Amino acid sequence: MQRVYNFSAGPSMLPESVLEKAASEMMNYGGSGMSVMEMSHRTPVYQSIIDAAESDLRKLMNIPDNYKVLFLQGGATQQFAAVPLNLMNKNRKADYIVSGQFSKKAAEEAAKFGEVNIIASSKDRNFAYIPRVDKFSPDADYVHICYNNTIFGTCFDYIPETGDIPLVADMSSGILSRPVDVSKFGLIYAGAQKNMGPSGLTVVIVREDLLGNAREGTPVMLDYKVQADNGSMYNTPPCYSIYVAGLVFKWLLETGGLEEREKINVKKANILYDYLETSKLFSATADKNVRSLMNVCFVTGDADKDKDFCSAASKAGFVNLKGHRSVGGMRASIYNAMPVEGVEKLVEFMRNYEKENA
Ligand SMILES: *Cc1c(COP(=O)(O)O)cnc(C)c1O
C-alpha cells in the first residue's frame, strides 16, 4: 500500500522504521509471547520498556538529575489544570504569555484556581508574532508560555529570563525538534501525538523542588508528587503509547540526537519558507523571525483557492494541509518524522500548482 505524505498537526506521522519495528513486535514482544498491549505494567518486561523510554529521553534532552520525568495521560489540556493545582501554591498568582489558542486556553483554565495575569499577548495581529517579555510579576508563582504555537506556526526565539520564578512551557509541538536547555525551565509538558508518539501519553519534565506542594483537594492523578513517587504507575499508565514513544526516542538517538535533528528540521523548514518568500500565489502568515520549524502556515489570500489547493494536494498524496479554522489557509506540519523528501515533493507540487493557476 502506498503511504501518503501526512502533514497533520497531530496525531501526526511516525517514522516508518518505528512503525515497522512495532509491527514486527506486535504478536510477540522480546520473546514474552505477547504484545506490549497485552502486558501487565507490573512486570519486569514492561518495567524495562518504561525505564528505557525514560533514560533515552533523558539522554536526548540532556535532562538534569534534579528533574523528574513523568509519563501521564489526559493530554496537554489536562496539564492546563495540573500546573496551577501543583504550582500556584504560594501567592496563588501566575503570569501567562498568550501567544496563541493553546496558551489562551491554558490561562483560562488556570484562572479557575487563582489570579492569572496575561502579561503579554500577540492577539492584536492574530498571533503572527511572539511577544518579547522581560518583566514579570514579582509575586507570580510561575510564568507560563507556549513554546511552539501549533495553530499559528510561531515558535519562541528566546527563553524568557524569569529569574527565581519557575518558567513553565507547553512544548507539545516543539519538543524534540531541537535542543533546549531544560535547566532554564521549572516544568515542561507535552502531549505525545505531535512529535513523540501516539496520542494518550503526556510527558511532564519537572524540577524536583516544585513537587510536594499541590494544593488541598488536588485529584490524586494530577498530583505530580504522587506520580513521581510511583514511577508514573500510580495506576495503569498508557503502556503502548509509552512503548512507541520509546521507539521514537531510540530512533532519534540512532540518527544523531537533537543537534542533528535541528539541522534536518531547519533544512526542511527552509525549503518551504524559501519557496513561500518567492511565490506570487502563496505567502507565509507568521513573522519571519519567529517562524516555527514544525508548523508552517500559509495562505493564498482567497479562501476558495485555499480550498481548491488542499483538495488538489490531497489527491496527489499530500494530505491534511488544511489550516486551523482560526487562521484559515494551509498548515504543513513537518514534525521529525516527515522526511526531507516529503517537503521537497510538496514544494514541487506547489510550484506546479502556482504555474497552472497563474
Ligand atoms: C495539540 C496541543 C495541545 C492540546 O493537546 P491535547 O493533548 O489534545 O490536550 C496543547 N498545546 C499545544 C501547543 C498543542 O499543540
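If you're wondering where the values come from, they're calculated on a predicted model, not measured in any experiment. Residue indices begin at 1 and follow the sequence shown. Order of appearance sets the numbers: ligands from 1, and atoms from 1 within every ligand.
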**Asked** Taking the six-membered ring for Trp, are the ring centroids of Tyr29 and Tyr243 within less than 6.0 Å of each other?
**Response** yes
Discussion item. Let's go through Asn265 and Ser177 carefully: what are the C-alpha distance in whole Å and the side-chain angles of both, what is the deciding distance for side chain to side chain donor-acceptor pair (under 3.5 Å) to 0.1 Å, and is it a yes or a no?
Written reply: CA-CA 7 Å; Asn265 286 332; Ser177 64; 5.1 Å; no
Residues passing the side chain to side chain donor-acceptor pair (under 3.5 Å) test with Glu254, sequence neighbours excluded, are none
By side chain to side chain donor-acceptor pair (under 3.5 Å), Ser333 pairs with (sequence neighbours left out) Asn295
Heavy-atom contacts under 4.0 Å to ligand 1, chain-then-number order, include exactly Gly75, Ala76, Thr77, Phe80, Phe102, Cys146, Asn148, Thr150, Asp170, Ser172, Ser173, Gln193, Lys194
Check: residues 192-200 side-chain donor-acceptor pairs under 3.5 Å, at least two apart:
residue	atom	partner	partner atom	Å
Asn195	OD1	Asn336	N	3.0
Asn195	OD1	Asn336	ND2	3.4
Asn195	ND2	Ile175	O	2.9

- Take the angle between the ring planes of Phe298 and Phe309 and call it parallel below 30°, perpendicular above 60°, tilted in between. perpendicular
